[in-house]
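Notes to accompany the following structure.
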Amino acid sequence: MKYRIIPVTAFQQNCSLLICERTGKAAVVDPGGDVDLILDAIKQEKAMPESVLLTHGHLDHIGGTYELASLFNIPIIGPHRDDQFWIDAIAAQCQTFGFPVCHGFTPTRWLAHGDKVSVGEEMLEVLHCPGHTPGHVVFYHRQSQLAIVGDVLFRGSIGRTDFPKGDFHTLINSIKDNLWPLGEQVAFIPGHGPMSTFGEEMRHNPYVGI
């Protein structure tokens, strides 16, 4: 599976384009905005989007969802239903963070821990990892040892837990119980900033280091 990271909006959120190399079919993960940049990347990669995948309901991760899903007539998959209140509040989030008005939406499919999502002939495993938000999910591609973790984990840091229904101890447990068992070799794309590996964070991350 091929991937391309597309930083979008003033928050420099890592929108990810995941591409099945055998079929050219693709998933757009967390299209937070700047849909024109995402469309450019899709065109450059000659990819055929078949779904929008969402890790959680914060505006900088979902702002371009409706526009992109409508353009390609593709389903919106994720996050976990516990983040519905964030998606329902998209208009208020736009106002709070000074974003252009974003169109509301209802996901085609909510996700739960243990679910699987296909990208062409590739398969992503779904891990429910609450703490940053209650409905946050992580997508894991076992064959390439790649995880798309949203705002659960960053290089040298973790997601904020001071938003409504965030919880620090829940987030720490999500990382240690759900991510670390996947192995030190797993590389991850965070919601913001550079990639890292779980092993690197186990050794050096001051919040969740072993």
Side-chain angles (χ1 to χ4, degrees), residues 1-6 8-9 13-91 93-94 101-130 133-144 146-152 189 191:
M1 186 179 69
K2 183 179 180 181
Y3 66 87
R4 178 165 171 173
I5 299 170
I6 311 154
V8 295
T9 80
Q13 191 274 125
N14 289 332
C15 172
S16 299
L17 181 63
L18 306 180
I19 306 167
C20 170
E21 294 183 85
R22 288 187 292 276
T23 65
K25 292 182 178 179
V28 182
V29 186
D30 289 355
D34 290 339
V35 171
D36 56 332
L37 296 180
I38 300 170
L39 293 175
D40 284 347
I42 291 169
K43 184 177 180 180
Q44 289 167 17
E45 299 294 341
K46 297 180 173 59
M48 296 178 287
E50 62 175 355
S51 64
V52 172
L53 307 182
L54 301 178
T55 61
H56 65 294
H58 283 164
L59 177 62
D60 56 325
H61 292 253
I62 68 170
T65 297
Y66 178 85
E67 183 179 352
L68 199 65
S70 298
L71 279 170
F72 291 100
N73 192 29
I74 54 178
I76 301 165
I77 301 175
H80 185 283
R81 190 180 291 275
D82 285 352
D83 263 19
Q84 181 169 359
F85 77 103
W86 276 117
I87 296 173
D88 290 345
I90 191 168
Q93 292 194 68
C94 288
V101 176
C102 299
H103 202 292
F105 62 90
T106 300
T108 312
R109 172 188 169 194
W110 297 103
L111 294 173
H113 191 83
D115 282 351
K116 289 181 168 55
V117 176
S118 62
V119 181
E121 296 177 2
E122 303 293 341
M123 192 67 64
L124 304 176
E125 299 172 33
V126 176
L127 302 107
H128 182 210
C129 294
T133 68
H136 202 302
V137 296
V138 164
F139 298 103
Y140 175 53
H141 185 243
R142 188 171 295 272
Q143 186 175 353
S144 61
L146 176 72
I148 298 88
V149 303
D151 287 356
V152 169
I189 301 172

Provide the full list of salt bridge (charged side-chain N to carboxylate O under 4.0 Å, His left out) pairs with a residue in residues 44-73, sequence neighbours left out, each pair given once.
->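 Residue pairs with at least one partner in residues 44-73: K2-E45, R4-E45.
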
Main-chain N/O of C102 paired to Q93 side chain as donor or acceptor, under 3.5 Å | no

Any donor and acceptor pair, going by atom type alone, linking the side chain of D83 with main-chain N or O of H56 inside 3.5 Å?
->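 Not confirmed, D83 side chain does not pair with H56 backbone.
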
Near Y140 OH, under 6.0 Å, is it more than 12 heavy atoms from other residues, nucleotides or ligands?
-> yes

So [Y] and [X], do their side chains get closer than 4.5 Å, heavy atoms only?
X: I189; Y: F139; answer: no
X: Q143; Y: M1; answer: no
X: L68; Y: L39; answer: yes
X: I74; Y: V52; answer: yes
X: P79; Y: I87; answer: yes
X: P130; Y: H136; answer: no

Determine the minimum heavy-atom distance between [X] and [Y], stating which atoms define it.
X: C129; Y: V138; result: SG-CG2, 3.8 Å
X: W86; Y: G57; result: CB-O, 3.5 Å
X: C15; Y: I38; result: SG-CD1, 3.8 Å
X: I90; Y: G104; result: CG2-CA, 3.8 Å

Got a second to check how far [X]'s [atom1] is from [Y]'s [atom2], nearest 0.5 Å?
X: I5; Y: Q13; atom1: CD1; atom2: CD; result: 10.5 Å
X: I148; Y: S16; atom1: CD1; atom2: OG; result: 6.0 Å
X: T106; Y: D88; atom1: OG1; atom2: CG; result: 7.0 Å
X: L111; Y: I77; atom1: CG; atom2: CD1; result: 7.0 Å
X: H80; Y: T133; atom1: NE2; atom2: OG1; result: 10.0 Å
X: D151; Y: N14; atom1: CG; atom2: CG; result: 9.5 Å

Distance-only check: which donor-acceptor pairs under 3.5 Å involve side-chain atoms of residues 18-32, not counting sequence neighbours?
{"from": "R22", "atom 1": "NE", "to": "E121", "atom 2": "OE1", "distance (Å)": "2.6"}
{"from": "R22", "atom 1": "NH2", "to": "E122", "atom 2": "OE2", "distance (Å)": "3.1"}
{"from": "T23", "atom 1": "OG1", "to": "K25", "atom 2": "N", "distance (Å)": "3.2"}
{"from": "D30", "atom 1": "OD1", "to": "T55", "atom 2": "N", "distance (Å)": "2.8"}
{"from": "D30", "atom 1": "OD1", "to": "T55", "atom 2": "OG1", "distance (Å)": "3.4"}
{"from": "D30", "atom 1": "OD2", "to": "T55", "atom 2": "OG1", "distance (Å)": "2.6"}
{"from": "D30", "atom 1": "OD2", "to": "H61", "atom 2": "ND1", "distance (Å)": "2.8"}

Scan residues 103-124 for pairs that pass ring-ring contact (aromatic ring centres under 6.0 Å, His included), counting only residues two or more places apart or in two chains.
->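 Checked against ring-ring contact (aromatic ring centres under 6.0 Å, His included) - neighbours excluded - the pairs reaching residues 103-124 are Y66-H103.
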
side-chain contact (heavy atoms from CB on, under 4.5 Å) between V117 and R109, intermediate numbers included | CA-CA 10 Å; V117 176; R109 172 188 169 194; 4.1 Å; yes

